[in-house]
Every structure is written in C-alpha cells, then in structure tokens.
Visitor: 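Below is one structure. I have some questions about it.
Order of listing sets the numbers, starting from 1, for every ligand and every atom in it. All values derive from a computational prediction rather than experimental measurement. Values below: every heavy atom of this structure, side chains too, minus hydrogens, waters and symmetry copies.
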Amino acid sequence: MDKFSIYKSYLKGEINVSGSKNACLPIMAATLLTDEECRMSNVPDLSDIRTMIKILEVLGKRIQFYQQKLVVKSKKVKRYTAPYRLVRTMRASFCVLGPLLAKRGKAKVSLPGGCVIGPRPVDLHIKGLKQLKARIRIEDGYCLADVKRLTGNHIFLGGHFGSSVLATTNILMAACLAKGETIIEYSACEPEIVALALFLKRMGADIEGEGTPLIRIKGKKRLGGAELRIIPDRIETGTFIAASLATGSPLIIKNARPSHLISVIEVAKQMGAKIKIKENSLIIKPPRIIKPTNITTLPYPGFPTDLQAQFMVPLILAGGVSLITEKVFPDRFMHVAELNRMGAKISRSGPYSIIEGVKKIYGAEVMASDLRASAALIIAGLAAERKTEVLRIYHLDRGYFKLEDKFRRLGARISRQKQ
Ligand code: EPZ
C-alpha cells in the first residue's frame, strides 16, 4: 500500500481540473441502454472508472480507454450479473441496475453494502423500479429484478435525507425505455444528473426538467449510441479552493465550471477569500487570517457533502469557532480523529462538528479512511508544521486523477512512497 510524505508548503500557480468521476460513472452505465457504440472524452483515469469498465465488460461490453477517451462497443454475449467482488469495491456500481433491467428485462446486481461514510441503503432505487412495474427480490446479498417491459409511473423519490443522486440516475435511465411517461418527483438536481440527461437525450431519450426536482420522461422503444465530453469535476475544484485557504496560497483553477460551485464559493467568501470568476476558471486570493463560519451539507445546490472534510481543514486554522453540520451522511467524520492528532480542536456530536480555531497544526502519521477524507489529510499536511505521512492512499486514487502531481506542480512538497 502506498503512502504520502508531506511537508508544509506554500502553493503558487494554476491547475487544470480533470473530468468528473461522479458524472462519468452513471454515463458509462447508460451505455447498457443501447447496443450501438458510445464515446466519452475528458474521462479521468481513476480506479473507480476502471472498476466500472470491468463491470461493463462482465455485462457484455467491449471497452477501449486511452488518453482520457472511452469507446464502448457491444459484444454478442449478454450477461445480467454485476458480481459482488466488483460492486463491493465501488458502491456506485449499483447504478447499472436500472439500465440493465430496462434493456434486457433481467438484472442481478450485488447490494452495495455500507462504507465508512455511512450505510449506503438502496431502498429508494428499489422502490422506484418497483413502481415502474419491475419484479424485485433480494437473495444472498443480491438484488434480482425482471420485467417484460417497464411501465412509466409518477414516482416520489425523496428519502429521509432528501433526494438521492444515484437513485435518480437509476430511475431516470430505466424510464427512458419504459412504456409511457414517467414523472420523478424530488429528483436530485446535481450537475451530474444534468450531464447524464444530456447524454441520454443524445441517445434519443425524451427528457424534460433535469436539474430541477421534477423530471418528466417519455419512454422510447430503443436508444442509439451517443458521444459526450465529461464535465469538469466540481469536487476536485472545491478541493483546491480548500487547499488555497488552508495554505494561504493564491491559486488559479482552470477548466472548471464555477456555476456548479455557487454554494462553495459563497462559503469561501465567508471565510475571507477574494474570488474572481471567469467562465471556465476561478482566481482565489485567500485571507491572511481565515474567518470562522458555519457549513451545513445539503443536496445540490447546497454545500456538497463531498467537500465537507476538505473545508474542515482551513476552519481548523480560523480565528474563531466554526460549526459543521452533516445532513447528507451524518457519520461522515472519520477524518476528525486524524485531524485532532495533528493538533486540531474538533469536537463531534452526531451530525455536528465544532471546530475551535488554533494557530498551528503539526505533522503526524495519519490514516486515510475514504476518498474525500484522504484529500482533507493531504491539505492538512500542506498546512502543518513538520512532516505528515498519510497512509492507505489507495482511497485517494479512486477519485482524484494524479492529485499529488497537480499539487507538486504548484510547489507542494509531497511524495508517494511504498508503505
Ligand atoms: C452520490 O452517492 C455520490 N457518488 C457521492 O459521492 C455523494 O457523496 C452523494 O451522491 C451525495 O451527494 C456518486 O455520484 C458516484 P445519495 P449516492 O443516494 O447517490 C440516502 C464521492 O466521494 N439514501 O445521494 O450513493 C443516503 O444514505 C461519493 O465521490 C437513502 O436513504 O448518495 C444518504 O444519506 C461519496 N436511500 C442520502 O440519501 C437510498 O435508496 C444521499 O445519498 C439512497 C440513498
């Protein structure tokens, strides 16, 4: 297993944001809705992307992936099972269920199980597909589904925590081949849903309302191939904003989509940053002393849960007390204990973390626990006195494309070593 050695660094310069993992994964699943060739560009070379490639190959696709371009073709053989050995490494694989069932009338997908950020239930996915008249049963940790042809319906998809991104993707994709019209009420509004809908419409789907809490789909008999350039990764963009704040380094972030980060830019400004926005770039000028603020994570367009850990780091060094409320994954605080070992003063109670600002934090050996917590620990290492070692960085490789190279190009003292 690899680890990072990191020293306090002042960053300078500009970075280019990569394509969005969370936009790409459902779009890759959508290729199951057709036997025609599909193409994607600006695809980040991440282990999650490679896991989805393996799952699609098991299901009968032939895939070429070279220089961030993905070409998906169909083999004659068609299979229906997405195996546990692959699904357990990436819960997002569950979004193959809807398209597989819609296109082939049959699907067997391993239930994703839980992870460190919390239980990852799929009740909304199953409820939605049942309302499209799929027959579904749970057996030996698998979700088995079959249907002659899905039938459109008016579906309420809200859960205890509001909307669900991947449940929306599963029902949206399935509805594209259902008989009649489907209305999804309380659908997720994330930019990744809008990107998926654009790809589906290029395949010939009839969709309205994507990006709002009510999406209307008129089912078609078949869909064709399509091509799409993957949108920039808003979470990677936000990660660099947090790094700029925590290290007091001005940064230029290019190939971004600032309009996907309004809530994040708002919080950064509350913390004292000056941010100049151009169409595809942001120029960040951090304050000398960070102002404390309160952050509540919410479904889009609220502050994204995927940036909660990263933004905790600059708040650790703020001149006052801040509160973070985690309303999407209330247990998503595995990084708190590690940050406290570096001298932070964070007290956690349920979905709340109270952060009392300190003047300095100090390097330590810390353990990454999940994708976004890993990024937070790197940012903390760049801001801490003395050396930090971040262990188990395979978590990071799941969702960030060459992050340490990007930081090194900005002047960061960070190196990867075999553990
Ligand atoms: C997507 O996961 C993202 N993953 C997550 O990013 C992100 O944190 C999450 O959305 C929230 O924005 C991908 O897009 C691949 P949800 P998803 O269903 O769709 C509850 C990362 O770091 N829920 O929107 O699985 C759930 O427990 C990853 O890139 C149900 O109750 O998340 C949570 O509390 C981590 N029942 C809330 O909804 C369900 O059937 C939102 O989860 C489904 C979800």
Visitor: Only heavy atoms count here, so choose which of A373, G302, P121 is nearest to atom 31 (O) of ligand 1.
Guide: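 Closest candidate by heavy-atom distance is P121.
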Visitor: Where is the nearest protein heavy atom to atom 3 (C) of ligand 1: which residue, which atom, and how far?
Guide: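 Going by distance alone, atom 3 (C) of ligand 1 is nearest to N22 ND2, 3.8 Å.
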Visitor: Side chain, backbone, both or neither: which part of L124 comes within less than 4.0 Å of ligand 1 when only heavy atoms are counted?
Guide: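 Under 4.0 Å from ligand 1, L124 contributes backbone and side-chain atoms.
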Visitor: Can you report which non-hydrogen protein atom sits closest to atom 21 (C) of ligand 1, along with the distance?
Guide: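 That would be D306 OD2, 3.4 Å.
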Visitor: Report the C-alpha distance between T297 and E326 in whole Å, list the side-chain angles of each, state the deciding distance to 0.1 Å, and finish with yes or no for side chain to side chain donor-acceptor pair (under 3.5 Å).
Guide: CA-CA 5 Å; T297 67; E326 179 48 79; 2.7 Å; yes
Visitor: Could you walk me through whether I63 and V71 pass the side-chain contact (heavy atoms from CB on, under 4.5 Å) check?
Guide: CA-CA 6 Å; I63 297 177; V71 180; over 6 Å; no
Visitor: Decide whether R332 and T305 meet the rule of one side-chain donor and one side-chain acceptor closer than 3.5 Å.
Guide: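 Judged by distance alone, the side chains do pair up.
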Visitor: In the protein, what heavy atom is nearest to atom 22 (O) of ligand 1, and what distance, to one decimal place, separates them?
Guide: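 Result for atom 22 (O) of ligand 1: R372 NE, 2.9 Å.
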Visitor: Quick one: look up the protein heavy atom nearest atom 42 (O) of ligand 1 and list residue, atom name and how far away it is.
Guide: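 Checking every protein heavy atom, the shortest distance to atom 42 (O) of ligand 1 gives F329 CZ, 3.8 Å.
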Visitor: Considering non-hydrogen atoms of the protein only, which is the closest contact for atom 37 (C) of ligand 1, and what is the distance?
Guide: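 It is F161 CB, 3.8 Å.
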Visitor: Would you mind telling me if ligand 1 is within reach of the side chain of P119, the backbone, both or neither, using heavy atoms under 4.0 Å?
Guide: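 P119 to ligand 1: backbone contact only, side chain stays beyond 4.0 Å.
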Visitor: Any side-chain donor-acceptor pair under 3.5 Å between H154 and E181?
Guide: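 No.
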Visitor: If you take the centroid of each ring, where Trp contributes its six-membered ring, are F303 and F311 closer together than 6.0 Å?
Guide: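 Ring centroids of F311 and F303 are less than 6.0 Å from each other.
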Visitor: Mind checking whether D123 contacts ligand 1 via backbone (N, CA, C, O), side chain (CB onward), both or neither, at a 4.0 Å heavy-atom cut-off?
Guide: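 For D123, the contact with ligand 1 is made by both the backbone and the side chain.
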Visitor: I want to know if ligand 1 touches L166 in the polar sense, i.e. an N/O pair below 3.5 angstrom.
Guide: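 L166 vs ligand 1: N/O contact under 3.5 Å present.
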Visitor: Taking the minimum heavy-atom distance to atom 25 (O) of ligand 1, which of R120, E326, R398 ranks first?
Guide: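 Result: the heavy atom closest to atom 25 (O) of ligand 1 is in R120.
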Visitor: I117 heavy atoms, cut-off 4.0 Å: which ligand 1 atoms fall inside?
Guide: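 Selected atoms, number and element: 35 (C).
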Visitor: Would you say A92 contacts ligand 1, with heavy atoms under 4.0 Å as the rule?
Guide: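 Yes, A92 has heavy atoms under 4.0 Å from ligand 1.
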Visitor: Is K21 near ligand 1, meaning one of its heavy atoms is under 4.0 Å from it?
Guide: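 So K21 counts as touching ligand 1.
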Visitor: Measuring only between side-chain heavy atoms, which start at C-beta, is I193 closer than 4.5 Å to S187?
Guide: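 No, their side chains stay 4.5 Å or more apart.
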Visitor: Are K108 and Y80 in a cation-pi setup, meaning NZ or CZ lies under 6.0 angstrom from the ring centre and within 45 degrees of the ring axis?
Guide: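 No, K108 and Y80 do not form such a contact.
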Visitor: Would you kindly specify which portion of S164 sits under 4.0 Å from ligand 1, judged on non-hydrogen atoms: side chain, backbone, both or neither?
Guide: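 Both the backbone and the side chain of S164 come within reach of ligand 1.
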Visitor: Does only the side chain of T305 get under 4.0 Å from ligand 1, or the backbone, or both, or neither? Count heavy atoms.
Guide: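 Just the side chain.
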Visitor: Using modelled atom types only, decide if a donor and an acceptor are shared between the side chain of E404 and the backbone of I414 within a distance under 3.5 Å.
Guide: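 It does not hold such a pair.
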Visitor: State whether R202 and E227 are salt-bridged, where the test is any N-O pair (Lys NZ or Arg NE/NH1/NH2 against Asp/Glu carboxylate O) under 4.0 Å.
Guide: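 No, R202 and E227 are not salt-bridged.
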Visitor: Please report whether ligand 1 has a polar contact with V165, defined as an N or O pair separated by less than 3.5 Å (distance criterion only).
Guide: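 Checking ligand 1 against V165, an N or O pair does fall under 3.5 Å apart.
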Visitor: Numbering the atoms of ligand 1 from 1, which are under 4.0 Å from a heavy atom of H125?
Guide: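 Answer for ligand 1: 40 (O).
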Visitor: Per the side-chain hydrogen bond (donor to acceptor under 3.5 Å, both in side chains) rule, which among Q67, K402, Q68, R50 passes with D45?
Guide: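 Single pass found, and it is R50.
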Visitor: Considering heavy atoms of the protein only, find what lies nearest to atom 34 (O) of ligand 1 and give residue, atom and distance to 0.1 Å.
Guide: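 For atom 34 (O) of ligand 1, the nearest protein heavy atom comes out as V328 O, 2.5 Å.
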Visitor: Less than 4.0 Å is my threshold; does some heavy atom of H160 fall inside it relative to ligand 1?
Guide: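 H160: no contact with ligand 1 (<4.0 Å).
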Visitor: What part of R332 sits under 4.0 Å from ligand 1 if we count only heavy atoms: the side chain, the backbone, both or neither?
Guide: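 Contact part for R332 vs ligand 1: side chain (C-beta onward).
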Visitor: Under 4.0 Å, heavy atoms only, figure out whether ligand 1 is touched by the backbone of Y300, its side chain, both or neither.
Guide: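 For Y300, no heavy atom sits under 4.0 Å from ligand 1.
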Visitor: Do F240 and F407 have ring centres separated by under 6.0 Å?
Guide: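 Close enough - the centres of the two rings lie under 6.0 Å apart.
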Visitor: May I ask whether I126 has any heavy atom positioned less than 4.0 angstrom from an atom of ligand 1?
Guide: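 No; I126 lies far enough from ligand 1 that no heavy-atom distance drops under 4.0 Å.
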Visitor: Regarding K61 and S74, is there a side-chain donor-to-acceptor distance under 3.5 Å anywhere?
Guide: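 Yes, side-chain donor-acceptor contact under 3.5 Å.
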Visitor: Kindly indicate whether a cation-pi arrangement holds for R372 with Y400, taking the cut-offs as under 6.0 Å to the six-membered ring centre and within 45° of the axis.
Guide: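 Ring-cation test returns yes.
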Visitor: With a 3.5 Å cut-off and no angle check, do the side chains of H395 and D370 form a donor-acceptor pair?
Guide: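 No - no donor-acceptor pair under 3.5 Å links their side chains.
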